[in-house]
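Structure first, commentary second.
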Amino acid sequence: MEKFKFLTGDVNWKDYGGKWYRYDGCSCYTIIEFCNMQDCCDNISNGKYLVIVRNIDLSSLSYTGVSNASKTCGEPIKEVMKDQLLLLEVCDSYGLSDNIDHRYGNNYTALLKWAKSL
């Protein structure tokens, strides 16, 4: 995915999901999360895949929020604060990111192309 780098997920992300990130400057990131709805909840009524696009500004996070996120994710706060990508993943997983948009569909290529265009 052009300009996006793999953040976390399964090697077989089409079947089990994954996340990518893009650095947008000034401590801001765009995150794309890909979910296979059949695998995660066996509900494909809206489409087999779900793609969610989120933004996160690491400079706007409070220490308390990051501390709570790290506890919930089982990562020591010292380790999270040393690794910017771990910080990004922990904060996004905890919900400290802003949802931009999401879309369901059956064509993963079209969904990811749409997500990258935002």
| query | Which pairs count as side-chain hydrogen bond (donor to acceptor under 3.5 Å, both in side chains) when at least one residue sits in residues 31-42, sequence neighbours excluded? | reply | Glu33-Arg54

| note | The side chain to side chain donor-acceptor pair (under 3.5 Å) partners of Ser70 (sequence neighbours excluded) come to none

| remark: Nearest heavy-atom approach of Val90 to Glu75 is CG2-CG, 4.2 Å

| query | Can you tell me how far the CD1 atom of Ile56 sits from the CG atom of Leu58, to the nearest 0.5 Å? | reply | 5.5 Å

| message | Is any side-chain heavy atom of Leu50 closer than 4.5 Å to one of His102? | response | yes

| remark: CH2 (Trp114) and OG1 (Thr109) are apart, to the nearest 0.5 Å, by 15.0 Å

| request: Following the transitive rule for hydrophobic clusters with a side-chain heavy-atom cut-off under 4.5 Å over Ile, Leu, Val, Met, Phe, Trp and Tyr, establish whether Leu85 and Met81 coincide in one cluster. | output: yes

| task | Tell me, please, which residues at least two apart from Lys14 pass side chain to side chain donor-acceptor pair (under 3.5 Å). | result | Tyr108

| query | Listed by chain and number, what are the side-chain contact (heavy atoms from CB on, under 4.5 Å) partners of Thr72, not counting sequence neighbours? | reply | Tyr94

| field | Partners meeting ring-ring contact (aromatic ring centres under 6.0 Å, His included) with Tyr23 (sequence neighbours left out) | value | Tyr29

| message | Using the salt bridge (charged side-chain N to carboxylate O under 4.0 Å, His left out) criterion, which residues pair with Lys78? Sequence neighbours excluded. | response | none

| field | Phe34 vs Tyr49, ring pair (Phe, Tyr, Trp, His ring centres under 6.0 Å): CA-CA, chis, key distance, verdict | value | CA-CA 7 Å; Phe34 178 89; Tyr49 305 112; 5.1 Å; yes

| query | Do Phe4 and Leu86 belong to the same hydrophobic cluster, where Ile, Leu, Val, Met, Phe, Trp and Tyr are linked whenever their side-chain heavy atoms lie under 4.5 Å apart, directly or via other members? | reply | no

| field | Separation of Asn107 CG from Leu111 CG (nearest 0.5 Å) | value | 6.5 Å

| Roughly how far, to the nearest 0.5 Å, is the CG atom of Asn99 from the CD1 atom of Ile31? | 10.0 Å

| message | Show every side-chain hydrogen bond (donor to acceptor under 3.5 Å, both in side chains) that has at least one partner inside residues 59-69, sequence neighbours left out. | response | Ser27-Ser59, Asp57-Ser59

| said: Do Val66 and Leu7 sit in one hydrophobic cluster, given that two such residues count as connected whenever their side-chain heavy atoms are within less than 4.5 Å of each other, even indirectly? | reply: yes

| said: To the closest 0.5 Å, what do you measure between NZ (Lys19) and OG (Ser93)? | reply: 3.5 Å

| query | Cluster question for you: counting only ILVMFWY and a side-chain heavy-atom cut-off of under 4.5 Å, with indirect links fine, are Leu61 and Tyr21 together? | reply | yes

| Is there a side-chain contact between Asn55 and Ser97, using heavy atoms and a 4.5 Å cut-off? | no

| request: With sequence neighbours excluded, tell me which residues meet side chain to side chain donor-acceptor pair (under 3.5 Å) with Asp24. | output: Arg22, Thr30

| task | Side-chain contact test, heavy atoms from C-beta onward, threshold under 4.5 Å: evaluate it for Asp10 versus Asp15 and give yes or no. | result | no

| message | Tell me every residue that passes side-chain contact (heavy atoms from CB on, under 4.5 Å) with Asn106, counting only those two or more places apart in sequence or in another chain. | response | Lys48

| message | On a heavy-atom basis, which atom in Gly65 and which in Leu96 lie closest, and how many Å separate them? | response | O-CD1, 3.6 Å

| Same apolar cluster: Ile52 and Ile100, side chain cutoff 4.5 Å | no

| field | Those residues that, when tested against Phe6, pass ring-ring contact (aromatic ring centres under 6.0 Å, His included) (two or more places apart) | value | Trp20

| query | According to the salt bridge (Lys or Arg N to Asp or Glu O under 4.0 Å) rule, which pairs have a member within residues 95-105, sequence neighbours left out? | reply | none

| task | Quick one: list whatever passes side-chain contact (heavy atoms from CB on, under 4.5 Å) with Cys26, sequence neighbours left out. | result | none

